[in-house]
2 protein chains.
Amino acid sequence: MTHSEEDYIKAIYHLGGTENKRVSTNAIAEQMETKASSVTDMIRKLSEKEYVSYKKYQGVSLTDNGEKKALSIVRKHRLWEVFLVDKLDFSWDEVHEIAEQLEHIKSEKLIDSLDKHLGCPKFDPHGDPIPSKSGELTKTTKKLLNEVELNQTGICVGVKDSSAPFLKFLDKHGIALGDKITVLDKEDFDGSLQININDKSILISHQIASNLYVRCD
Amino acid sequence: MTHSEEDYIKAIYHLGGTENKRVSTNAIAEQMETKASSVTDMIRKLSEKEYVSYKKYQGVSLTDNGEKKALSIVRKHRLWEVFLVDKLDFSWDEVHEIAEQLEHIKSEKLIDSLDKHLGCPKFDPHGDPIPSKSGELTKTTKKLLNEVELNQTGICVGVKDSSAPFLKFLDKHGIALGDKITVLDKEDFDGSLQININDKSILISHQIASNLYVRCD
DNA sequence: ATATATTTTTAGATTTGTCTAAAAATAAAG
DNA sequence: CTTTATTTTTAGACAAATCTAAAAATATAT
């Protein structure tokens, strides 16, 4: 399987082109920053190889085989992200591009060993689940902090707004990736939240809360 | 710089096509398991990009720029080999193929971090020196054990014969990669060697000695 | 429902890296 | 110093992945 074929499979997967949902040619073209005509060509090839089911003008969806392939690529991508953050001290927002390259390295033993070396992590640095070797996904929803219910606890796994000012704000108030956050109170008036983080209780605005992703297992 | 271009540069480097020594088209073709005509084409391109100096029918040699590039690729290759052996518990004879893929990953920060993470190693698992970031090579000769002088000490860094029987022999007699070996005596009669290894003194045949590489710093 | 707009596909061209087969240059041998 | 053999280069073709421009199918709007 080609580097490029893998990229297409992954794109279709991320657009949700699985379990009977069909994905349009244009959507894939946009996702991959290429032209629709190129997409049609590649889809033809993937269809012949039975990674996708394709009907002219009706879009594509992954076959079982294609989805398995997609999950294996996603697994590699996310494991490498964990490696970069946990072992090489990259910050979670600079690993994507490199993982995009590393995910194409071909060696089953390499991925198995890497997985063990990292302690078989279940989530990547952005809080997204890592598919198991057999392709199972831990189905946990990552949600915005303002959607978390009262007295529930979540782990901070990412940001929606990744602008420098926002990241600086988080840094200043001691909110970091991996921190455990409990929602103590919700103000009806302006939607601001009283939260517990690192054994301190602080008040944060709705705008902050609606840009912070947490995972509640 | 393309994946393929990098492969050619590396091949020329390994054939010694540096410092005024020219390498023949056929030699490159053989090394890369491709055809001479393909080599000519690629050499043209590399010549235009000034990575090699090329005169028709006279072979090629790397320019300063090309050599720098080659050293950077070799550096990546060998650092990844160390990673695979030291961190992922690969054995030193199964890492080459994977490192061949990993050496093409593009990220300066990645290699710098990897280097630090591994403790800035000076040699790869085969005993070959790892070029520094600026392209300097520790010039130590790796030699066969039977070429080591009396009372000199070397570190076991590889084998010439990598057949299963030989590796089994080494295992059985407790000779492993990284072991310190001192040559205590040489028998004129049959060339066998009395060596000290792991605080034990043993006698090994010339045939064994002439298939074991050591590094004497 | 018919005209218009959008999406998707086709047809033909391009680039990269490769190949085969034939021609040209160099090296080796008598 | 010719003739033969080897090496290297050219010429032309091919597969992969892409693009542009035009045609075909589908969707939208009045």
Side-chain angles (χ1 to χ4, degrees), chain A residues 1-17 20-62 66 69-70 73 100-101 103-106, chain B residues 1-17 20-62 66 69-70 73 100-101 103-106:
Chain A
M1 167 154 262
T2 310
H3 192 112
S4 184
E5 289 174 335
E6 290 188 345
D7 286 341
Y8 276 92
I9 295 267
K10 204 181 58 160
I12 296 168
Y13 176 81
H14 281 133
L15 290 166
N20 303 323
K21 194 196 158 196
R22 306 191 85 77
V23 167
S24 79
T25 305
N26 258 8
I28 298 169
E30 194 176 352
Q31 169 95 0
M32 303 207 40
E33 296 181 28
T34 184
K35 296 297 153 71
S37 55
S38 309
V39 174
T40 303
D41 283 350
M42 180 55 91
I43 276 171
R44 272 261 163 58
K45 194 193 305 183
L46 291 175
S47 175
E48 268 163 37
K49 297 189 178 182
E50 306 207 303
Y51 286 117
V52 301
S53 93
Y54 167 58
K55 283 179 208 138
K56 269 195 195 179
Y57 296 99
Q58 309 300 136
V60 287
S61 68
L62 295 171
K69 191 74 210 173
I73 300 166
E100 202 94 308
Q101 298 179 60
E103 73 193 3
H104 296 292
I105 303 291
K106 278 162 191 57
Chain B
M1 167 153 263
T2 311
H3 192 111
S4 184
E5 289 175 335
E6 289 188 348
D7 286 341
Y8 276 93
I9 295 268
K10 204 182 60 159
I12 296 167
Y13 175 82
H14 281 132
L15 290 166
N20 303 322
K21 194 197 159 194
R22 307 190 87 78
V23 167
S24 79
T25 305
N26 259 8
I28 299 169
E30 194 176 354
Q31 169 94 1
M32 302 207 42
E33 297 181 24
T34 183
K35 294 299 152 72
S37 56
S38 309
V39 175
T40 303
D41 284 350
M42 181 54 90
I43 276 171
R44 271 261 163 59
K45 192 191 307 182
L46 291 174
S47 175
E48 268 163 36
K49 298 190 178 181
E50 306 206 304
Y51 287 117
V52 301
S53 93
Y54 167 58
K55 282 178 209 140
K56 269 194 194 178
Y57 296 100
Q58 308 301 136
V60 286
S61 66
L62 295 170
K69 191 74 210 174
I73 300 166
E100 202 93 310
Q101 297 179 61
E103 74 192 3
H104 296 292
I105 304 291
K106 279 163 189 56

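Lettering follows sequence order; numbering is per chain, from 1.
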Residue pair A/His3/B/Lys55 against DNA chain D: nearer the 5' end by closest nucleotide is B/Lys55
Would you say C/dT16 has OP1 or OP2 under 4.0 Å from some side-chain N or O of B/Ser4?
no
Pairs under 3.5 angstrom, nitrogen or oxygen only, protein versus nucleotides 20-22 of chain D, please.
| residue | atom | partner | partner atom | Å |
| --- | --- | --- | --- | --- |
| D/dT20 | OP2 | A/Lys35 | NZ | 2.9 |
| D/dT20 | O4 | A/Ser37 | OG | 3.1 |

Side chain to side chain, A/Thr34 and A/Tyr8, heavy atoms closer than 4.5 Å:
yes
Without decimals, in angstroms, what is the distance between A/Arg22 CZ and D/dA27 P?
13 Å
Does A/Arg44 place a side-chain N or O at less than 4.0 Å from the phosphate oxygens OP1/OP2 of C/dT10?
yes
Is any side-chain heavy atom of B/Leu46 less than 4.5 Å from a side-chain heavy atom of B/Met1?
yes
So which nucleotide from C/dT26, D/dA24, D/dT18 ends up closest to the side chain of A/Tyr57?
D/dA24
Can you tell me if A/Asn26 touches the phosphate of C/dT8, counting only side-chain N or O atoms and a distance under 4.0 Å to OP1 or OP2?
yes
Nearest-Å distance, CG (A/Asp41) to P (C/dA13)?
15 Å
Heavy atoms under 4.0 Å, any strand shown: does B/Thr40 hit a base, just sugar-phosphate, or nothing?
base
Does any non-hydrogen side-chain atom of A/Asp7 lie less than 4.5 Å from one of A/Glu103?
yes
Does OP1 or OP2 of D/dT9 have a side-chain N or O of B/Tyr54 closer than 4.0 Å?
yes
Whether B/Lys56 contacts D/dT7 is assessed here as follows: a side-chain N or O lying under 4.0 Å from the phosphate OP1 or OP2. Is that the case?
no
Check ring-ring contact (aromatic ring centres under 6.0 Å, His included) between A/His3 and all other residues, then give those that pass, not counting sequence neighbours.
A/His104
B/Leu62 CG to B/Ile9 CD1 distance, which is reported to the nearest 0.5 Å:
5.5 Å
Side-chain N or O of A/Tyr8 less than 4.0 angstrom from OP1 or OP2 on D/dT18?
yes
Does A/Glu5 pair with A/Lys49 as a salt bridge, N-O distance under 4.0 Å?
yes
